[in-house]
Amino acid sequence: MKRKVLLIYTGGTIGMEKDYETGSLRAFDFGNIFEKMPEMKLMECEVFVHPFSKPLDSSDMGPEEWKIIANYIHKNYNAYDGFLVLHGTDTMSYTASALSFMLKGLRKPVILTGSQLPIGDLRTDAKENLLTSLYYASLYENDEAVIQEVAIYFEYKLLRGNRTLKYSAEYFDAYSSPNYPMLGQSGVHLNIIKDNLYRCDPKVEFHVDDYVSEDILFWRIFPGMHLSHFKEIPKMKVLILQVFGSGTIFSTEKTQQTLQEIRNNGTEIVVVSQCISGGISFGKYENSNIFSKIGAISGKDITAESAITKAMHLINNPKYPESFADNFTKSLCGEITD
């Protein structure tokens, strides 16, 4: 019996084709994907397509769209063996991270993919990404899904979604997972590295928690910036500071005073690194001690995309009884290294 995969098309480059008379790109009706890619009919799984009524550029994807996807998966969870979300590449890591926090007790694959070139382009990477993603979304052993988490497949690599970032707007190999190894890699054989796969708490039944707060601010620290600007910003619930190296900032009395005032106003401060690889380590350098003094939270080796969506999901979420700091510093679904 063939596995059933629900393909959710949200928009993005993968759903475009070139009008060779005008040279411009246009969206095509994704309901006709089987005509565009007849090889999909040869797959060892049944594919069912659910396109967004209006395809969206990935820059238009946000909390409301994350909720729509999460709840649609929840609605159809028992009817399908796996889920494939086609998405624009620019914000795919944000959506993958957000879904990883929303889909609790997930025991089926949720794969996101897209492409750098439209599916109708002669040199497109869309077809390989789409076909192999379908394989991963339908991969079962002993009647159990091999992948039981939210992942991104792109250019022969299967990566944990909440560990990814898009590092190239030019190359087909556009995604990186700098602080966590690959889940799998496709070549002549479809490989899975089982030791790297995530498994949720077996006591947790599948459900969706689509709580999202948008009272989050992300700020990259740079040499010479005036932190006094923070006082002019309306109160936010969480301030995520992307700082130097393993957690340093210009260590002046004014810096500490400004950040302490923000903390005193009830704002949580999370610290993440500007470095793609590695993470935050308070106390390693003297200029990181300021964060311990003001009660900031270490983001450890989390990506910026995951830190933002995790903070949006956690802050003031009534379903998390512990403090924001306690919840943020623990691994909820493999997004940080404990």
Side-chain angles (χ1 to χ4, degrees), residues 1-17 28-52 55 58 69 72-73 76-89 92 95-96 99-100 103 106-121 124-161 164 172-175 182-194 197:
M1 187 171 130
K2 287 186 174 182
R3 296 289 173 181
K4 295 181 179 181
V5 176
L6 178 61
L7 188 159
I8 302 171
Y9 170 62
T10 69
T13 300
I14 196 169
M16 308 294 285
E17 62 182 353
F28 72 86
D29 181 359
F30 219 86
N32 297 325
I33 184 61
F34 296 101
E35 297 177 14
K36 182 69 65 176
M37 288 183 59
E39 54 265 55
M40 285 178 62
K41 298 177 182 178
L42 303 176
M43 299 285 295
E44 296 177 1
C45 61
E46 292 185 76
V47 183
F48 301 82
V49 180
H50 174 74
F52 270 27
S58 68
I69 296 170
Y72 197 75
I73 290 173
N76 293 278
Y77 188 75
N78 293 325
Y80 296 93
D81 300 294
F83 301 88
L84 173 58
V85 181
L86 300 187
H87 196 290
T89 60
M92 192 189 301
T95 298
L99 290 176
S100 75
L103 301 174
L106 183 64
R107 292 180 180 82
K108 295 182 179 181
V110 176
I111 312 296
L112 283 80
T113 196
S115 65
Q116 293 286 65
L117 289 176
I119 203 167
D121 195 282
T124 187
D125 56 329
K127 292 186 176 182
E128 196 283 323
N129 286 347
L130 174 54
L131 291 173
T132 306
S133 292
L134 285 171
Y135 273 110
Y136 279 121
S138 59
L139 191 60
Y140 273 65
E141 287 183 0
N142 301 321
D143 209 33
E144 180 180 81
V146 175
I147 299 153
Q148 301 183 17
E149 59 182 291
V150 180
I152 285 179
Y153 177 78
F154 219 88
E155 189 64 8
Y156 309 117
K157 295 186 297 186
L158 184 70
L159 308 171
R160 177 165 298 161
T164 64
F172 287 151
D173 186 15
Y175 285 86
M182 289 186 295
L183 307 182
Q185 189 168 25
S186 68
V188 175
H189 301 287
L190 200 66
N191 295 318
I192 290 288
I193 307 168
K194 292 187 177 181
L197 298 176

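Heads up: numbering here begins at 1 and tracks the sequence.
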ring-ring contact (aromatic ring centres under 6.0 Å, His included) with [X]: which residues, sequence neighbours excluded?
X	result
Y156	none
F52	none
F154	Y175

**Q.** Partners passing salt bridge (charged side-chain N to carboxylate O under 4.0 Å, His left out) against K157 (at least two apart in sequence or in another chain)
**A.** D173
Hey, what do you get for [atom1] ([X]) to [atom2] ([Y]), rounding to the nearest 0.5 Å?
X	Y	atom1	atom2	value
N76	I8	CG	CD1	7.5 Å
I111	L139	CD1	CG	9.5 Å
I152	N129	CD1	CG	11.0 Å
L86	T113	CG	OG1	7.0 Å

Taking all heavy atoms of [X] and all of [Y], pick out the closest pair and write down the distance.
X	Y	value
I192	Y136	CD1-CE2, 3.4 Å
P55	G11	CB-CA, 3.9 Å
S133	L84	CB-CD1, 3.5 Å
L103	I73	CD1-CD1, 4.2 Å
A126	I14	CB-CG1, 3.6 Å
L158	I147	CD2-CD1, 3.6 Å

If you define the side chain from C-beta out and look only at heavy atoms, does anything of [X] sit under 4.5 Å from [Y]?
X	Y	value
L183	R160	yes
S58	H87	yes
I119	I33	yes
I69	V85	yes
L130	L7	yes

(Q) If you apply the rule side chain to side chain contact (heavy atoms under 4.5 Å, CB included), what do you find for T13 with Q116, and how did you get there? (A) CA-CA 7 Å; T13 300; Q116 293 286 65; over 6 Å; no
Donor-acceptor pair, side chain of [X] and main chain of [Y], under 3.5 angstrom:
X	Y	value
K108	F83	no
T95	M92	no
D81	S138	no

Q) Run the side chain to side chain contact (heavy atoms under 4.5 Å, CB included) check on E149 and L197 step by step: do they pass? A) CA-CA 8 Å; E149 59 182 291; L197 298 176; 4.2 Å; yes
Which side-chain N or O atoms in residues 41-49 pair as donor and acceptor under 3.5 Å with protein atoms at least two apart or in another chain?
none

(Q) With side chain to side chain donor-acceptor pair (under 3.5 Å) as the rule and sequence neighbours excluded, what pairs involving residues 183-194 come up? (A) E141-K194, Y153-S186
Q | D143 with R3: basic N within carboxylate O range, under 4.0 Å | A | yes
